[in-house]
Amino acid sequence: MPRTTWIHSHPPKITAPPPDMVVDLIDRYQAAQELTAEQLGERMGVNAQRVRYKKYYGGGAFTVDELRRWCKALGITSAEEVGKAILYE
(Lines give C-alpha, C1' and ligand atoms only; values in the text may rest on other atoms or scores of the structure.)
Protein backbone atom coordinates (compact mmCIF):
# COMPACT_ATOMS: atom_id res chain seq x y z
CA MET A 1 0.00 0.00 0.00
CA PRO A 2 1.47 3.41 -0.94
CA ARG A 3 2.16 5.99 1.70
CA THR A 4 -0.04 9.01 1.85
CA THR A 5 1.58 12.36 2.47
CA TRP A 6 -0.44 15.33 3.55
CA ILE A 7 0.33 18.81 2.37
CA HIS A 8 -0.92 20.42 5.60
CA SER A 9 0.08 19.03 8.95
CA HIS A 10 -2.93 20.67 10.64
CA PRO A 11 -6.36 21.59 9.34
CA PRO A 12 -6.81 25.31 8.71
CA LYS A 13 -8.37 27.28 11.54
CA ILE A 14 -11.87 28.48 10.81
CA THR A 15 -12.95 31.56 12.69
CA ALA A 16 -16.63 32.01 13.37
CA PRO A 17 -18.01 35.45 13.99
CA PRO A 18 -19.09 36.11 17.57
CA PRO A 19 -22.80 35.73 18.28
CA ASP A 20 -24.97 38.82 18.28
CA MET A 21 -26.43 38.72 21.77
CA VAL A 22 -28.78 41.69 21.27
CA VAL A 23 -30.56 39.98 18.40
CA ASP A 24 -30.48 36.68 20.32
CA LEU A 25 -32.21 38.38 23.26
CA ILE A 26 -34.87 39.81 20.95
CA ASP A 27 -35.33 36.44 19.21
CA ARG A 28 -35.78 34.61 22.51
CA TYR A 29 -38.44 37.00 23.78
CA GLN A 30 -40.20 37.05 20.41
CA ALA A 31 -40.24 33.24 20.23
CA ALA A 32 -41.45 32.92 23.83
CA GLN A 33 -44.44 35.13 23.01
CA GLU A 34 -44.89 33.43 19.61
CA LEU A 35 -44.93 36.77 17.79
CA THR A 36 -44.47 37.10 14.06
CA ALA A 37 -42.58 40.00 12.50
CA GLU A 38 -45.92 41.52 11.49
CA GLN A 39 -47.29 41.40 15.05
CA LEU A 40 -44.09 42.82 16.51
CA GLY A 41 -44.08 45.56 13.90
CA GLU A 42 -47.65 46.49 14.80
CA ARG A 43 -46.64 46.86 18.45
CA MET A 44 -43.82 49.21 17.49
CA GLY A 45 -45.61 51.08 14.72
CA VAL A 46 -43.38 49.86 11.87
CA ASN A 47 -43.85 47.31 9.12
CA ALA A 48 -42.64 43.70 9.22
CA GLN A 49 -39.90 44.38 6.68
CA ARG A 50 -38.31 46.92 9.03
CA VAL A 51 -38.39 44.39 11.90
CA ARG A 52 -36.64 41.76 9.76
CA TYR A 53 -34.11 44.33 8.49
CA LYS A 54 -33.06 45.42 11.98
CA LYS A 55 -32.69 41.84 13.16
CA TYR A 56 -30.70 40.87 10.05
CA TYR A 57 -28.17 43.69 10.41
CA GLY A 58 -27.67 42.98 14.08
CA GLY A 59 -27.21 44.79 17.34
CA GLY A 60 -24.85 47.37 15.87
CA ALA A 61 -27.70 48.79 13.81
CA PHE A 62 -29.77 49.68 16.90
CA THR A 63 -29.74 53.09 18.51
CA VAL A 64 -30.49 53.41 22.21
CA ASP A 65 -33.98 54.75 21.53
CA GLU A 66 -34.74 51.93 19.11
CA LEU A 67 -33.50 49.30 21.54
CA ARG A 68 -35.62 50.85 24.28
CA ARG A 69 -38.67 50.70 21.98
CA TRP A 70 -38.00 47.04 21.11
CA CYS A 71 -37.63 46.14 24.79
CA LYS A 72 -40.89 47.90 25.62
CA ALA A 73 -42.71 46.11 22.78
CA LEU A 74 -41.39 42.70 23.86
CA GLY A 75 -41.78 43.29 27.59
CA ILE A 76 -38.07 43.02 28.40
CA THR A 77 -37.77 44.60 31.84
CA SER A 78 -34.41 43.28 33.04
CA ALA A 79 -31.82 46.04 32.62
CA GLU A 80 -29.11 43.57 33.61
CA GLU A 81 -30.04 41.18 30.80
CA VAL A 82 -30.06 43.98 28.20
CA GLY A 83 -26.75 45.33 29.50
CA LYS A 84 -25.09 41.93 29.30
CA ALA A 85 -26.33 41.52 25.72
CA ILE A 86 -24.98 44.92 24.69
CA LEU A 87 -21.58 44.48 26.35
CA TYR A 88 -21.03 40.88 25.19
CA GLU A 89 -17.82 40.42 23.23
Side-chain angles (χ1 to χ4, degrees):
M1 179 123 190
R3 287 186 177 223
T4 304
T5 57
W6 300 97
I7 297 173
H8 300 288
S9 59
H10 300 286
K13 292 182 180 180
I14 299 173
T15 58
D20 190 349
M21 297 307 286
V22 173
V23 174
D24 181 60
L25 177 69
I26 291 169
D27 283 340
R28 284 188 289 118
Y29 273 84
Q30 185 178 356
Q33 297 175 26
E34 297 179 355
L35 292 174
T36 63
E38 290 82 12
Q39 293 167 334
L40 183 56
E42 286 175 9
R43 286 186 180 186
M44 294 189 307
V46 297
N47 60 10
Q49 183 178 1
R50 183 71 179 164
V51 171
R52 291 185 198 104
Y53 172 85
K54 291 301 265 186
K55 286 173 60 177
Y56 178 78
Y57 282 102
F62 287 94
T63 64
V64 175
D65 290 334
E66 288 174 336
L67 188 58
R68 184 179 298 136
R69 194 171 62 205
W70 281 68
C71 289
K72 189 179 284 187
L74 289 169
I76 303 172
T77 57
S78 173
E80 182 180 348
E81 193 173 14
V82 175
K84 284 182 180 178
I86 292 171
L87 296 175
Y88 180 81
E89 290 184 19

Non-hydrogen atoms of [X] and [Y] that approach each other most closely:
| X | Y | value |
| --- | --- | --- |
| Phe62 | Lys54 | CE1-O, 3.9 Å |
| Val23 | Gly59 | CG2-N, 3.7 Å |
| Leu40 | Ala73 | CD1-CB, 4.1 Å |

| field | Derivation of the salt bridge (Lys or Arg N to Asp or Glu O under 4.0 Å) call for Arg69 and Asp65 | value | CA-CA 6 Å; Arg69 194 171 62 205; Asp65 290 334; over 6 Å; no
| Does Ser78 offer a backbone N or O that forms a donor-acceptor pair with the side chain of Glu81 under 3.5 Å? | no
| request: Determine whether the side chains of Arg43 and Gln33 contain a donor N or O and an acceptor N or O closer than 3.5 Å. | output: yes
State, with a plain yes or no, whether a side-chain heavy atom of [X] is found less than 4.5 Å away from one of [Y].
| X | Y | value |
| --- | --- | --- |
| Cys71 | Tyr29 | no |
| Leu67 | Ile86 | yes |
| Gln30 | Gln39 | no |
| Val51 | Trp70 | yes |

| remark: To the nearest 0.5 Å, atom CE of Met44 lies from atom CZ of Arg50 at 9.5 Å
| request: Count the heavy atoms of every other residue, nucleotide or ligand shown that sit under 6.0 Å from CD of Gln49, and state whether that count exceeds 12. | output: no
| request: Dump the intermediate steps for side chain to side chain contact (heavy atoms under 4.5 Å, CB included) on Val22 and Val82, then the final yes or no. | output: CA-CA 7 Å; Val22 173; Val82 175; over 6 Å; no
